[in-house]
Amino acid sequence: GGLDYPHDLSFSTCGSTELLAVAQRTGALALFRENGNGYDSDPVFEISGAEAKLTHSDGVSFVPPFNDYLAACNLGTSSISFYPRLSLSPLRFALKPDFELTHSSVVHPDGLAFSECGRWLAIANHGNGSVSIFQRRNKLFAAGKLKYGPEPVTIIEDKDLRYPHSV
């Protein structure tokens with residue numbers, strides 16, 4: 001069904017379409033559409049290839065509140081890639097990230113989560129045992145590219161927080 005080492009998933013409603021995004025550690029994001037009886041077994045769309053810049057994709061999430069971006073963790077490059085949705089019919093996302101979040105606190109990101117409103121992004125950093133929290137820079141309803149950072153508003157560090165995988 002188009003899966004190769006699935007590592008994380010995210011559900012979303014985009015318009016009237018229910019979607020499932022699956023992060024594949026081999027460097028791809030597969031999107032599946034709900035068909036009324038479950039989900040199609042073949043992906044309706046895939047983000048992959050050199051221009052996608054996906055390396056050990058350990059986490060994936062649709063970005064609220066509009067689910068018009070897909071965000072993915074890149075364990076290999078210690079970055080978060082953001083792919084804008086280009087259309088609903090046919091379903092298309094950009095194959096190249098239009099924003100990549102990097103910061104010295106983001107080390108081998110292994111999971112990510114957004115607040116319901118999309119204002120906050122939390123990243124589980126497997127490489128340094130921390131959680132970095134970033135605020136969205138642009139207004140939620142403003143036109144233009146989505147951006148978080150450049151600096152985290154909070155970094156949660158605790159000696160007992162070992163190898164976090166998700167938030």
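Between V167 and A122 the shortest heavy-atom distance is CG2-O, 3.4 Å. Residue F114 comes nearest to A71 through the heavy atom pair CZ-CB, 3.8 Å, listed as atom of the first residue, atom of the second, then distance. Closest approach of L88 to C14, counting heavy atoms only: CD2-CB, 3.4 Å. Here the closest non-hydrogen pair linking P65 and C117 is CD-O, 3.2 Å.
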Check step by step if side-chain contact (heavy atoms from CB on, under 4.5 Å) holds for H7 and V60.
CA-CA 9 Å; H7 210 72; V60 65; over 6 Å; no

Before you tell me yes or no, could you show the steps for L20 and E34 under side-chain contact (heavy atoms from CB on, under 4.5 Å), namely the whole-Å CA-CA distance, both residues' side-chain angles and the distance that decides it to 0.1 Å?
CA-CA 8 Å; L20 168 65; E34 199 276 330; over 6 Å; no

When you look at E18 and F11, which way does the side-chain contact (heavy atoms from CB on, under 4.5 Å) test go after all the steps?
CA-CA 7 Å; E18 289 187 35; F11 288 98; over 6 Å; no

Step by step, work out the side-chain contact (heavy atoms from CB on, under 4.5 Å) result for L75 and R25.
CA-CA 9 Å; L75 189 103; R25 199 153 203 235; 3.3 Å; yes

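Using a 4.5 Å cut-off between side-chain heavy atoms of Ile, Leu, Val, Met, Phe, Trp and Tyr, with links allowed through other members, L146 and L70 fall into different hydrophobic clusters. Residues L29 and F93 share a single hydrophobic cluster, defined by chaining ILVMFWY side chains whose heavy atoms lie under 4.5 Å apart. The hydrophobic clustering, which links ILVMFWY residues whose side-chain heavy atoms are closer than 4.5 Å, places I155 and I133 apart. No path of Ile, Leu, Val, Met, Phe, Trp and Tyr side chains, each step under 4.5 Å between heavy atoms, connects V22 with F45, placing them in separate hydrophobic clusters. V153 is connected to I156 through a chain of hydrophobic side-chain contacts under 4.5 Å among Ile, Leu, Val, Met, Phe, Trp and Tyr, so both are in one cluster.
A distance of 8.0 Å separates OG of S61 from CG of N67, quoted to the nearest 0.5 Å. To the nearest 0.5 angstrom, H108 atom NE2 is 9.0 Å from T77 atom OG1. The CZ atom of R136 lies 12.5 Å from the CH2 atom of W120; values are rounded to the nearest 0.5 Å. In this structure, the separation between CD1 on I80 and CG on L112 is 5.5 Å, given to the nearest 0.5 Å. Between the CG atom in L86 and the CG atom in D68 there is a gap of 11.0 Å [rounded to 0.5 Å]. The OG atom of S81 sits 9.5 Å away from atom CD1 of I47, with the distance rounded to the nearest 0.5 Å.
Under the ring pair (Phe, Tyr, Trp, His ring centres under 6.0 Å) test applied with Y148, the options F134, F82, F99 reduce to a single match, F82.
For the pair N35 (side chain) and N37 (backbone), a donor-acceptor distance under 3.5 Å is present. The closest donor-acceptor contact from the side chain of Y83 to the backbone of A72 lies at 3.5 Å or more, if one exists at all.
Atom NZ of K147 sits in a crowded spot, with more than 12 heavy atoms from other residues, nucleotides or ligands closer than 6.0 Å.
Put simply, the side chain of R137 reaches to within 4.5 Å of the side chain of P150, judged on heavy atoms. Using a 4.5 Å heavy-atom cutoff, the side chains of L101 and L121 are in contact. A heavy-atom distance below 4.5 Å is found between the side chains of L54 and N74. With a 4.5 Å cut-off on side-chain heavy atoms, E116 and P64 do not count as touching. With contacts defined as side-chain heavy-atom distances shorter than 4.5 Å, the pair L19/F62 qualifies. Using a 4.5 Å cut-off on side-chain heavy atoms (C-beta onward), S57 and C73 make no contact.
Here V44 pairs with L31, R33, L91 under the side chain to side chain contact (heavy atoms under 4.5 Å, CB included) rule; sequence neighbours left out.
Residues N125 and S132 bring a donor and an acceptor atom of their side chains to less than 3.5 Å of each other.
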